[in-house]
Amino acid sequence: MAYWLLKSEPDEFSIYDLEKKGHAPWDGIRNHQAKNFLKEMKVDDLAFFYHSSCKNIGIAGIMQVTKTAYPDPLAVDKSSDYFDEKSLIENKWVAVNMAHHTTFKTLLPLAKIKKLADSDSRLNDLILIKKGSRLSVMPISTEQWQALNDGVC
DNA sequence: GCCAACGTTGGC
DNA sequence: GCCAACGTTGGC
């Protein structure tokens, strides 16, 4: 079982939206490194749902992979913000499907994650808090997964 | 709104 | 293949 962290701007799509719907496609990823991680995901893998670019930044809960990578329909949808002209010839962008698992009672704020990392060596290599990292889909090691869950109230 | 950092584009 | 210019991400 592998673990992941996926970012979303809650104004666009929040964990509350996912909780309401139960499951949803994770689509619109337009970065090759992030895309490659999507392709590695297996059914039943768990992922943190991270709220970015908003008032309360941090990990809002957990979701679970229900479908492995398939061609992202938004890439060939001319009405979508995520439409990609080149994908009409070859669509190399992918989406996965995610199901809601847990919404944390209290969001684990980015500031607290950074504080935890200061005193917990398990979080040394957390990509999320690496300087300059903007990756929106990233792997989380078992140790990191445990350490972050330990920090949840 | 600002800005640091990264990614992409396109001229050469 | 280099690199400047531009666009985007995302924290603050």
Side-chain angles (χ1 to χ4, degrees), chain A residues 2-21 24-41 45-63 65 69-98 100-141 143-145 147-153:
Chain A
Y3 302 100
W4 309 92
L5 182 147
L6 307 185
K7 293 182 185 174
S8 177
E9 299 188 15
D11 291 345
E12 294 293 321
F13 187 69
S14 73
I15 193 156
Y16 310 109
D17 296 323
L18 181 62
E19 184 166 16
K20 207 166 154 189
K21 294 175 75 173
W26 204 271
D27 47 22
I29 298 295
R30 294 294 175 269
N31 169 280
H32 292 292
Q33 207 181 345
K35 174 203 69 181
N36 289 335
F37 286 132
L38 285 181
K39 285 172 143 180
E40 290 180 26
M41 291 184 186
D45 281 359
L46 294 172
F48 286 127
F49 193 131
Y50 180 88
H51 284 177
S52 68
S53 296
C54 59
K55 192 154 181 284
N56 299 309
I57 305 161
I59 298 174
I62 296 171
M63 52 191 165
V65 178
Y70 57 93
D72 183 351
L74 299 186
V76 292
D77 177 355
K78 283 185 177 164
S79 68
S80 170
D81 287 344
Y82 299 102
F83 172 67
D84 172 35
E85 188 80 41
K86 289 180 199 158
S87 295
L88 293 175
I89 299 155
E90 187 192 2
N91 184 3
K92 51 190 172 21
W93 299 117
V94 298
V96 296
N97 286 354
M98 306 297 299
H100 180 267
H101 184 281
T102 310
T103 300
F104 294 154
K105 276 205 179 64
T106 310
L107 171 136
L108 177 59
L110 177 60
K112 188 171 177 193
I113 294 171
K114 288 178 172 172
K115 245 179 225 167
L116 289 170
D118 283 340
S119 59
D120 190 336
S121 61
R122 291 178 295 176
L123 296 174
N124 278 352
D125 296 321
L126 190 63
I127 296 169
L128 180 71
I129 54 175
K130 285 267 185 281
K131 189 175 157 68
S133 173
R134 304 184 312 190
L135 200 56
S136 61
V137 177
M138 68 189 76
I140 297 287
S141 72
E143 293 73 24
Q144 291 168 350
W145 181 265
L148 290 168
N149 274 295
D150 288 348
V152 175
C153 297

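All values below were derived from every heavy atom in this structure, side-chain atoms included, with hydrogens, water molecules and symmetry-related copies excluded.
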Residue A:Lys86, side-chain heavy atoms: nucleotide from C:dG10, B:dG7, B:dT9 that is nearest: B:dT9
For A:Asn31 and B:dT9, give me the distance from atom CG to atom C1', rounded to whole Å. 16 Å
Which residues share a side-chain contact (heavy atoms from CB on, under 4.5 Å) with A:Asp17, sequence neighbours left out: A:Phe13, A:Ser14
Whole-Å distance separating the CH2 atom of A:Trp93 from the P atom of B:dG7: 12 Å
So, does A:Tyr50 get its side chain near the phosphate of C:dG11, meaning an N or O under 4.0 Å from OP1 or OP2? yes
Kindly point out which of C:dG11, C:dG10, B:dG7 is positioned nearest to the side chain of A:Ile57? C:dG11
A:Phe49 and its side chain to side chain contact (heavy atoms under 4.5 Å, CB included) partner, picked from A:Ile62, A:Leu5, A:Leu6, A:Leu18: A:Leu18
Sequence neighbours excluded and cut-off under 3.5 Å, please list the side-chain donor-acceptor pairs for residues 83-91 of chain A, or say none.
from, atom 1, to, atom 2, distance (Å)
A:Asp84, OD2, A:Ser87, OG, 2.8
A:Asp84, OD2, A:Trp93, NE1, 3.0
A:Asn91, OD1, A:Trp93, N, 3.1
A:Asn91, ND2, A:Asp72, O, 3.0

Restricting to side chain to side chain donor-acceptor pair (under 3.5 Å), what partner residues turn up for A:Trp145, sequence neighbours left out? none
I need the NE2-P distance between A:His51 and C:dG10, as an integer number of Å. 14 Å
Have a look at the helix from B:dG1-C:dC12 to B:dC12-C:dG1 and give the angle its two end axes make, five pairs each, rounded to 10 degrees. 10°
Correct closest heavy-atom pair for A:Leu135 and A:Ala34 would be CD1-N, 3.9 Å
Separation of atom NZ in A:Lys35 from atom P in B:dG7, rounded to whole Å: 14 Å
With A:Lys35 via side chain to side chain donor-acceptor pair (under 3.5 Å) - residues at least two apart: A:His32
Just the rounded figure in Å: distance from P of C:dG11 to CD1 of A:Ile59. 12 Å
How far apart are the closest heavy atoms of A:Leu116 and A:Gly151, and which atoms are they? CD1-CA, 3.9 Å
Taking only heavy atoms on the protein side, list every residue of residues 126-139 of chain A lying under 4.0 Å from any atom of DNA chain B, sorted numerically. A:Lys131, A:Gly132, A:Arg134
Using the side chain to side chain contact (heavy atoms under 4.5 Å, CB included) definition, which of the options A:Val96, A:Val94, A:Asn97 pairs with A:Trp26? A:Val96
Pull out every residue in residues 104-118 of chain A that has a heavy atom closer than 4.0 Å to any atom of DNA chain B, ordered by number, or say none. none
Spacing between A:Glu12 atom CD and C:dT8 atom C1', to the nearest angstrom: 14 Å
If you restrict it to nitrogen or oxygen atoms, what contacts under 3.5 Å exist between nucleotides 1-3 of chain B and the protein, and what is each distance?
none

Once side chain to side chain donor-acceptor pair (under 3.5 Å) is applied, do any residues pair with A:Ser121, and if so which ones, sequence neighbours excluded? none
Under the side chain to side chain donor-acceptor pair (under 3.5 Å) test, which residues partner A:Thr106, sequence neighbours left out? none
Could you give all pairs that pass the side-chain hydrogen bond (donor to acceptor under 3.5 Å, both in side chains) test and reach residues 122-137 of chain A, with sequence neighbours left out? A:Asp120-A:Arg122, A:Arg122-A:Asp150
Name all residues meeting the ring pair (Phe, Tyr, Trp, His ring centres under 6.0 Å) criterion together with A:Tyr50; count only those two or more places apart in sequence or in a different chain, and write none if there are none. none
Taking all heavy atoms of A:Leu126 and all of A:Gln144, pick out the closest pair and write down the distance. N-NE2, 3.5 Å
Let me know which of A:Leu108, A:Asn149, A:Leu128, A:Val152 forms a side chain to side chain contact (heavy atoms under 4.5 Å, CB included) with A:Phe48. A:Asn149
